[in-house]
Structures are given as structure tokens and as C-alpha cells.
Amino acid sequence: MPWMVTRALGMGLLCVGLTACGQSRPLALPDGGTPPPGAPRACTADDLCAGAARIAVAPTDAHIAGVSETRLGLGTRTQRFNLGGFGLNPTQNLPNPFAALGENLTEPASAPTHFSAVHQEEEPLYLRLMLLTQGDTRVLFVTLDAIGAGNLIQEGLRQRLVALSCAQDLCIDADDIVFGQTHSHAGPDLQGLWGGVPQDWIDNTFYAGAETALMQALQAREPVSLAVAEGRSSDFNNYRRPRIDPEDDADDHLVVLRARAEDGRVVAQILQYAAHPTSINEDPRVPHPDYVLGAVKRLEQAGGVGLYFNGPIADASGAGGACDTPEPDAYERVRCRGNDLAALASAQAFRPLAPSLAIHHQTVTLPVTNPAFLAVGALGSFNRYYNFTPRLLLDLPLLGGLLETVTGEVAQVALTADTLVSRVSIGGPGGLEIATIPGEATNTFGEFIRGLSAQANPDATVMLLGLTQNSFGYILPEEEFSYIDPTGEAGFLVPFTGYEEFVSLGPLSAPLLRLQGYIPLFDASPAAAVPDYLRGCVDPEAGTCLLVDIALRLESIQGAYADRCREASVPETFCGLLDPDTPLAPVCLSLNLPAAVCGLLGDPPEA
């Protein structure tokens, strides 16, 4: 049998065995020698090498029907396969009969996959990965079609992949596994906020599938050359936060990293853009990657494996995409969007990167001050997904083990969260700088990281990987943070609440990430810790001073009230008084007030 066929069959059999028994051994060639002519060259210590793989991780029919699991030592519950992003269901830690309340709060998935009538294929959830190695430096990029993933889920994945890589004599450090979630709102709930998923799917589909994919990537590893392309486009996203400053907008950067083998084949590509995948919320609900599927499918038309990471998406909703199919449904529309996004990204000019690879990390401790998260933690909704107990307490003899049991099975007081922020540097000076963000950050926060990168490595392309290394909700700069939305917009469950603020750890996340994480990660000056809204007050022409921001916020609130006034069909003579664009000088003068005072309220009437 030809060597390549034997190799492929061996990989498949080994991966099946690996899933079943949790261990493996290096593959051997049939003759114990070297591959025949034409096979990829084996990697040497100096080579920059890559391997990639993808695997479908769709739930089974049994997962959809529900799996019986024990809760609180008091009884069992039927754990359904819940999807994230819509509504709130904090009941996943409760046994029956209380567990049944959850299905009235959020709708669990009713089928394992969506079947595309247009493309005549299933559209499952995927796990995709790309391994880069150079000598002892090994970086594993992993993406999963999920709304997010708690720190316990991330820890479990890393443990399985580290064990597998070490069994293959190519150990990957746990910190160097750069794990991100695409944030599909039709992806599995691995955070516990929407009802959770069966543990059997986590252990035997998700984790086991990741092992299978890594095994394939390890076996396929070969020398590569890397290139990067960058473009700008607002065709595929819209700004979704209150536009306090007229200049506010979503991040429009799109970046592609491409790995080619020595014979010219594409081994893998990573695409990064910023747009919320929130378009799939059909009835009945079905797991789906949203527009990400169309993007990676388009990348893979060139060969190899495509990965997608979302960037700073806190203020970026999805948009755009054109379908040739008559009357496309929601699934086809998002697939077209992803296809067009990846097509535009692939059309950008690529430039080669020097063969160098480095990775660095900083650990940041974030306090949990959000009252909503504190309440959800007390209900046990984070159990099996997150642990917010301080590491110092968990490391204490005896007490640590007891705390771990209580916080994992009963309830937890959400106090702090530790997270890595990582910097992957490829190509040396002027190359590519990749920075991770442990949640959903705003464009303004992303611009701060870009500024640090520009100082550390001028002319380098920057790729920002959101919801990567952790998923700790929204990350909003402190000057943008407010639990109360004075404009009255519908927010977190009720009006006058800030949605993003109530789905975050709290207002200290952004400043602490700057101070403990990104400033030391990029070797920046401590002066970089002074935010623009304070630095701008030194220069009146800068326009970034906090006082300017306060004035813009007041103007935004006035404008919102004026709009609501008109929507309620109130006479314009009254609504106009609320509109910040309406000069109030004529009204002031009609009241016989001094002209000097009225002149401050708008342009005085012409004489």
C-alpha cells in the first residue's frame, strides 16, 4: 500500500483509539525508514513548521434529548444542549423539578445540526486548530464555534492537549495554547449563563475532538513560509453601542495570516475581523457557526484549514454580504456574509514574514464587582464552567480542596478571576504582532493595544484575538462604563440598564488589563497607564479630555429624549426644546431675559 495511504489510515485509527483510551504512541512508517520522494520534508530544529486540522463537534441526538446528571447531591436533572446569547437561564445547577424552569427561560437546541438545502450538506459546529513550531517554541491556535468558554472549560481543554502533545514528544505548554471562541450566539453555552450543556459532550465530543485534531496536526506538521495581509472595511459590521462621540465606530481591520508549504500548498489560514455573530436565532433553535462558517469555507477553497477569530467586538454588530440564491433564509444569508468577508480579506496584498516565532504572557487578576455576576455565582450557575475563587485560597492545604468542592458543586462567591494575556510575535521587526483579549472589548480598547504595539514594533501588522485565553464578558474602558443607561434604551432585561455593563466583571477590568497586562507585555512606559481622557485635558485641542466626553454624553441623552418625544407624537414645539441641535436663544429672548445670557444658548436671531 502506498506510504501516504498507510499514513492516513494510521492517523485515523490512532485518533479513534486515542479518543477511546486517552493515550497514544508516535506513528511509525511501515518500513521504519524515511518517507518516499515527494512527501513533505520533516521539520528540523531551525524550521518554522505548521500543521492544522478541523473536526466537527456537533452534539448527538442523545445530547439534544438530554443527559441525566447529578446536582447538589440532592437529585438529578436532564441536562439539555443549550445555546448561548439570547435570554438568561441560571438554573443549570438545580436538580429536578426546579431544573424544568430553565426551559421556560431559554429554548434548548432541538436538532444536532442545520442541513443546508442550498449546499446539500450539514453545517455542524467545528473545532479548528493550527500548530506553529520553531525549535522549542510551540504555539497552538484553537478556535471553537461557541458563545464563550469558562476558565474551568479552558483548563480542561489545555490539560488534555498538553498530555497528548507530551505523549508525542512535542510538549506544548498550557499557556501557549491560544484558545478562542468565535462567539456564535447559536453555539453551545460553555459559560453556564443560558442553561449549559451535557458534560458528556464536553468530555467525549469537544475535548476528545480537540485531541483528534491535534493528533492530525502533529502528524501533518511540515516546514512552511508565512505571509500576512491587512485591509480595512466597514461593509461587514456596524457600530452597536450608543454613539456618544460622532466619531465612534467599530473596528474595521481585517487581517489574514497564511501558512504555505514548500510546494506552495496552503496549510492553514487565520482570519480576524470584528462582528458579532448574532443572526441565527431561528425557531426551533439549532447549533450553528453563524457567518463564521461561510468565512472559513471560503478560506479553505485555497486549500488547508481556515480558522476565524473575532476581534474587539463589544461595539460591532454583523452586517453585509450578498447572496445569489433567491429568497435566502437566515442560515444562507450569514453564510454569504462570511463568504464575502473572507473573499475581501483574501484579495488583500500579502507580504512575507521572516521565519521567527515568539510568545510572551502576563497574568492579570480581575475583581468581580458586577452585582449580576455575584447573584448568578450564588445560584451555582457558574459551577463546572467558571471558578472565581482566588487562587491563593484554592492553594491552601485542606481548605483549598474543600473550597474547590463547594464552588464546583454547590455555589460560589464570585470574587476574582485570573487570566492570561498573550503576545505572539511573528516575523521580527515589522512583522506581525498578535495580542489576545480575554473577552469582548470595545474598539477604543483595541486601539489602546494597537498603540502599544506600534511603539514596540513599528510597521508591524496587528491582529487582535478577542474571547481568547478567557471569556470574561465585556471589557469597557472605565470612562465608557455605566450600569445605568440614562437614555432609556432597553438594556439588560429592563430599560435604563447598560447591557454590556451587566455582562462584564465590572468597571475595573479595562484599567487592570492595561496596567497588569498589556503595558508590561509590550514593554511600554508606565506613562502609558495614563488614559487618553486625562492626558487629553493637557492639550485643549486634543478633543479627548474627559470634560469633552461629559459634554458629549449630555448631548447624547438630550438627543435620545428628543427622539422619544417625537416618537410619542408630542408637538414639535416641546420636543424641539429637548433637541441639543435646537438653538434656545429665541425662546430665551421671548422670555425677556438678557441678550448676553440668551446668546450662550445658541445663535441669536438676526437683527
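Remark: the Ser471 side chain and the Gln191 side chain contain no N/O donor-acceptor pair separated by less than 3.5 Å. Looking at Asn93 and Arg384, their side chains do bring a donor and an acceptor atom within 3.5 Å of each other. With 3.5 Å as the limit, one finds no donor-acceptor pair spanning the side chains of Asp290 and Ser279. Looking only at atom types and distance, the side chain of Thr365 has a donor-acceptor partner in the side chain of Asp418 under 3.5 Å away.
Considering only residues two or more places apart in sequence or on other chains, Tyr273 meets the ring pair (Phe, Tyr, Trp, His ring centres under 6.0 Å) condition with none of them.
Taking the side chain as every heavy atom from C-beta outward, Phe206 and Val197 never approach each other to under 4.5 Å. Val255 is listed as a side-chain neighbour of Val228, based on a closest heavy-atom distance under 4.5 Å. Counting only heavy atoms from C-beta outward, the side chains of Val376 and Phe382 approach each other to under 4.5 Å. For the pair Phe309/Val292, no side-chain contact is recorded, criterion being any heavy-atom separation below 4.5 Å from C-beta on. When side chains are defined from C-beta on, Gln154 counts as touching Gln181, because their heavy atoms get closer than 4.5 Å. Looking only at side-chain heavy atoms (C-beta outward), Gln455 and Phe522 stay at 4.5 Å or farther from each other. The shortest side-chain heavy-atom distance between Leu144 and Leu190 falls under the 4.5 Å cut-off. Counting heavy atoms from C-beta outward, Gln199 and Val67 have side chains that stay 4.5 Å or more apart.
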(Q) Please evaluate residues His253 and Arg232 with respect to the criterion side-chain contact (heavy atoms from CB on, under 4.5 Å), reporting the C-alpha separation (whole Å), side-chain torsions for both, the decisive distance (0.1 Å), and the verdict. (A) CA-CA 5 Å; His253 293 80; Arg232 307 284 292 270; 3.5 Å; yes
(Q) Determine whether Leu467 and Ile313 satisfy the following criterion, side-chain contact (heavy atoms from CB on, under 4.5 Å), listing intermediate values before the conclusion. (A) CA-CA 9 Å; Leu467 292 117; Ile313 61 169; 3.7 Å; yes
Q: Please step through side chain to side chain donor-acceptor pair (under 3.5 Å) for the pair Tyr126 and Tyr308, ending with a clear verdict.
A: CA-CA 11 Å; Tyr126 277 99; Tyr308 181 86; over 6 Å; no
Q) Can you list the steps and then say if Asn370 with Leu505 is a side-chain contact (heavy atoms from CB on, under 4.5 Å)? A) CA-CA 5 Å; Asn370 179 353; Leu505 298 187; 5.9 Å; no
(Q) The test is side-chain contact (heavy atoms from CB on, under 4.5 Å); show your working for Ile202 and Tyr385 and say whether it passes. (A) CA-CA 11 Å; Ile202 295 173; Tyr385 298 99; 4.2 Å; yes
Q: Apply ring pair (Phe, Tyr, Trp, His ring centres under 6.0 Å) to the pair Tyr518 and Phe448, showing each step before the final yes or no.
A: CA-CA 9 Å; Tyr518 297 106; Phe448 170 78; 7.2 Å; no
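Remark: Asn104 CG is packed, more than 12 non-hydrogen atoms of other residues, nucleotides or ligands lying under 6.0 Å away. With a 6.0 Å radius and a threshold of 12 heavy atoms from other residues, nucleotides or ligands, Tyr239 has its OH atom above the threshold.
Checked by atom type and distance alone, the side chain of Arg80 never pairs as donor or acceptor with a backbone atom of Pro108 at under 3.5 Å. Looking at Asp189, its side chain does come within 3.5 Å of a backbone N or O of Gly195 through a donor-acceptor pair. With hydrogens and angles ignored, the 3.5 Å screen pairs a side-chain donor or acceptor of Gln469 with a backbone N or O of Asp175. Using a distance-only test at 3.5 Å, with no hydrogens or angles considered, a donor-acceptor pair links the side chain of Asn151 to the main chain of Asn387. Using modelled atom types, one side-chain atom of Arg77 and one backbone atom of Leu94 make a donor-acceptor pair closer than 3.5 Å. Looking at Thr468, its side chain does come within 3.5 Å of a backbone N or O of Gly466 through a donor-acceptor pair. The closest donor-acceptor contact from the side chain of Arg138 to the backbone of Asp173 lies at 3.5 Å or more, if one exists at all. Of the possible donor and acceptor atoms, none in the side chain of Arg285 sits under 3.5 Å from a partner among the backbone N and O of Asn82.
The two residues Phe81 and Leu125 make their nearest non-hydrogen contact at CZ-CD1, 4.3 Å. When all heavy atoms are compared, the tightest approach of Asn238 to Ala319 is ND2-CB, 3.4 Å. Summarising the geometry of Asp315 relative to Arg241, their closest heavy-atom pair is CB-CG, 3.4 Å, with the distance given to 0.1 Å. In terms of heavy atoms, Asn470 sits closest to Leu420 at ND2-N, 4.5 Å. Minimum heavy-atom separation, Pro511 to Pro507: CD-O, 3.4 Å. Here the closest non-hydrogen pair linking Phe86 and Thr106 is O-CG2, 3.5 Å.
Taking CG of Asn237 as the reference point, atom CG of Asp251 lies at 7.5 Å (rounded to 0.5 Å). For the atom pair OG1 of Thr416 and CG of Leu508, the computed distance is 12.5 Å after rounding to the nearest 0.5 Å. Leu140 CG to Asp176 CG: the interatomic distance, rounded to the nearest 0.5 Å, is 9.5 Å. Distance CD1/Ile177 to OG/Ser165: 6.5 Å, rounded to 0.5 Å. Between atom CG of residue Leu161 and atom SG of residue Cys171 there is a gap of 12.0 Å, rounded to the nearest 0.5 Å. Rounding to the nearest 0.5 Å places CG of Leu164 at 4.5 Å from CG of Leu214.
Using a 4.0 Å cut-off between charged side-chain N and carboxylate O, Arg450 and Glu447 make a salt bridge. Contact check on Glu478 versus Arg514 returns a salt bridge, with a Lys/Arg side-chain nitrogen under 4.0 Å from an Asp/Glu carboxylate oxygen.
Centroid-to-centroid, the aromatic rings of Phe472 and Phe373 stay 6.0 Å apart or farther.
None of Ile359, Val139, Leu132 except one satisfies the side chain to side chain contact (heavy atoms under 4.5 Å, CB included) rule with Ile426; the exception is Leu132.
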Can you list, pair by pair, the side-chain donor-acceptor contacts under 3.5 Å of residues 436-446, counting residues two or more places apart and other chains?
{"unit_1": "Thr436", "atom_1": "OG1", "unit_2": "Ser422", "atom_2": "N", "d": "2.8"}
{"unit_1": "Glu440", "atom_1": "OE1", "unit_2": "His183", "atom_2": "NE2", "d": "3.2"}
{"unit_1": "Glu440", "atom_1": "OE1", "unit_2": "His276", "atom_2": "NE2", "d": "2.9"}
{"unit_1": "Glu440", "atom_1": "OE1", "unit_2": "Tyr474", "atom_2": "OH", "d": "3.3"}
{"unit_1": "Thr442", "atom_1": "OG1", "unit_2": "Thr444", "atom_2": "OG1", "d": "2.8"}
{"unit_1": "Thr442", "atom_1": "OG1", "unit_2": "Phe445", "atom_2": "N", "d": "3.2"}
{"unit_1": "Asn443", "atom_1": "ND2", "unit_2": "Asp249", "atom_2": "O", "d": "3.0"}
{"unit_1": "Thr444", "atom_1": "OG1", "unit_2": "Glu480", "atom_2": "OE2", "d": "2.6"}

